[in-house]
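Below you'll find the structure, written out as structure tokens, and then a few comments.
From a predicted model like this one, the values you see are computed outputs, not experimental measurements. Residue numbers start from 1 in every chain, and the chains themselves are labelled A, B, ... in the order their sequence lines are given, proteins ahead of strands.
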There are 2 protein chains.
Amino acid sequence: MATIRDVAREAAVGVGTVSRVLSGSPQVAPETRARVQATIERLGYRPSPLGRALARGRSQTLEVIVPLFTRYFYVEVLRGIEVALADTDYALVIRTIERPADRDRAFADPGSRGRAEGVLIVSLTPTAELLARLAATALPAVLVNNVHPALPSVALDHEAAAALAVQHLVRLGHRRIALVDHLEDPFAPSSPSGRRCGYRATLARAGLELRPEYERVTDFSPEAGMAALDALLALPQPPTAVFAGSDTQAVGVLEAARRRGVAVPDDLALVGYNDIEMAGYLGLTTIRVPMRELGRLGVQQLLLAFETPERAAGQIRLEPELIVRHTCGAVQAAAR
Amino acid sequence: MATIRDVAREAAVGVGTVSRVLSGSPQVAPETRARVQATIERLGYRPSPLGRALARGRSQTLEVIVPLFTRYFYVEVLRGIEVALADTDYALVIRTIERPADRDRAFADPGSRGRAEGVLIVSLTPTAELLARLAATALPAVLVNNVHPALPSVALDHEAAAALAVQHLVRLGHRRIALVDHLEDPFAPSSPSGRRCGYRATLARAGLELRPEYERVTDFSPEAGMAALDALLALPQPPTAVFAGSDTQAVGVLEAARRRGVAVPDDLALVGYNDIEMAGYLGLTTIRVPMRELGRLGVQQLLLAFETPERAAGQIRLEPELIVRHTCGAVQAAAR
DNA sequence: TTGTAGGCGTTATCAG
DNA sequence: CTGATAACGCCTACAA
């Protein structure tokens, strides 16, 4: 590999001049610049990110810490991040979290000891330790799909989203609406889901009774969704509509209904969450979560934090959108 | 951030000694070591990966280039890689490929100009340019889920896998077996799928007729699977069994059958590929692809290449496994 | 406008 | 066993 010194020697200039050409400094004579450029081309020289990082004190690398629970969601967010980074010179190092130990390790060392100059934390609740480390190292960090007063964030307004979904079901005439939700961050079971708040608030606003037995919190799998519907249908007063906290769970609800001969949407209306690929294909009415947008804006926030660290942390809230397909029954109702 | 010099000063030793303690060199007096260790703890010192990388000439970073087509597959492979790396000090930088331009950019600069000391290339066919770059930079690379004579690789034997699946259907009495496949690498449409070879070979061995109209190559979506089955059922002699090249497509086949009132497995037997999460839940008979294992072994190969670059490139082939559930009809047949 | 020298944080070599 | 000191590849004053 050619170094900056090789280029300097070949072009008969000092390394400083080569460096200036590299950084596009205006203070270099056009002809010198041309000569250096030519030498760079000829040698196929590419500056070493390592040397540069050390000298500049900036590694040009971002770290993203992301759980593995909802694969589709996470890949989409990641892709949003990548696209936003494509124009820049930043590299992306990624740490996936599957078990509590993974999370603890990642949180104990955000930025991987200086390897990254900023961190994107996706769908994970910051611990006290993480906050302390971030503060101690002055490492810029942005929360994606989560909120915390101490950190900038990009998140969907889950409460508003739930309100949208539940309101839609109420308008369609449903009065017994169940919730099949999951924990946003399985490692932080205590934090109440924004969706649940929105669900309850909307029912209350509509003058509908809150029934604890209608609120099911399960994990992400379709199986869990199936089990949840089975339990709900076994109730003395089964719900006529279900709002699922993820499309994956909604898929399970759909399958359970099919197996029990419960017609969707006639006997049971269903609204999902996220709008994954399969939702369109199943005709699932759902809340569209702009997953790539979350990633893109997260990067934007982080890059902004680099430039003006003194500015107050921004909290970006994305507005949800309801995608009406046919599992909610609205299309059929309109046709009547 | 404390540097090695701070530690040296505080512990009243030279930086060399601190470095030796860090690397666990035996040539340091126990009491000196203890003193240095204590100082390290007290200062909370962590060596900078950047400085270390520069001095050692090794960045302790691996790059993985991976397409986005099958999300589940790719996340699992990635996780296998991460788990294998958890014990080491390696970081993982990832480049996701969605469009040809993404691939070209990644292939034009494998290792991101020295940022990574090795590359894992997942499900992507190396181009001549990539091979040239790898050779020019002497960058170790390992192919995952793909094979090339010039590079070490870890791959499933797709041909054997297809044979397993088709043979199973033949044994169950099927004589009209269709294939709903996809391209392993959509950017390299020319390369024939190993699955198709296995499919044809097995049919031939069983003395069954090869029907070109039974071979459908589509993309990964369930929609494509649905369309493929629709086309197959419209044939004068529709197949009685389908072997799908991915579970995602199999899901579409399943749904299309349901919509047309074709009973699975009684009227149509189905075998998928990959064994994604949803396969178990749908009762889909399928080929289990050890996705995490692919990632884990890829890392192992790469680390091995670091140590002994002179050794010939290893080609690891993983053996496929058939998971019998109920869409193939074997369970029902056994019960009779 | 350009070259030189010092420094970024580490490792490795080489005397002592 | 240990302490200087020279790399590693680059950037950035500072001086010319």
Polar contact flag, side-chain donor to acceptor under 3.5 angstrom, [X]-[Y]:
X      : Y      : result
A/S123 : A/N146 : no
B/E63  : B/S112 : yes
B/E82  : A/T96  : yes

How would you label the contact of B/A12 with the nucleic acid (heavy atoms, under 4.0 Å): base, sugar-phosphate, or nothing?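 Touches sugar-phosphate only.
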Would you kindly give the [atom1]-to-[atom2] distance between [X] and [N], to the nearest whole Å?
X      : N      : atom1 : atom2 : result
A/L43  : D/dG9  : CG    : P     : 14 Å
A/R58  : D/dC10 : CZ    : P     : 16 Å
B/R113 : D/dG9  : CZ    : P     : 16 Å

Quick one: does A/R296's side chain have a donor or acceptor within less than 3.5 Å of a partner on A/A84's backbone?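 Side chain of A/R296 to backbone of A/A84: no pair is present.
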Quick check: does any side chain N or O of B/T39 sit under 3.5 Å from a backbone N or O of B/R35, one acting as donor and the other as acceptor?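 Checking the backbone N and O of B/R35 against the side chain of B/T39, a donor-acceptor pair under 3.5 Å is found.
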Protein heavy-atom contacts under 4.0 Å, written 5' to 3' over nucleotides 6-16 of chain C as B (base), S (sugar-phosphate only) or - (none), form the string -BBBBBBB---
Rounded (10°) bend between the five-pair end axes of the helix from C/dT1-D/dA16 to C/dG16-D/dC1: 50°
Ring-plane angle category for B/F69 and B/F187, please: parallel below 30°, perpendicular beyond 60°, tilted otherwise. perpendicular
Side-chain polar contacts of residues 20-27 of chain A - donor-acceptor pairs under 3.5 angstrom, sequence neighbours left out - could you list them?
residue, atom, partner, partner atom, Å
A/S23, OG, A/S19, O, 3.1
A/S23, OG, A/R20, O, 3.3
A/S25, OG, A/Q27, N, 3.1

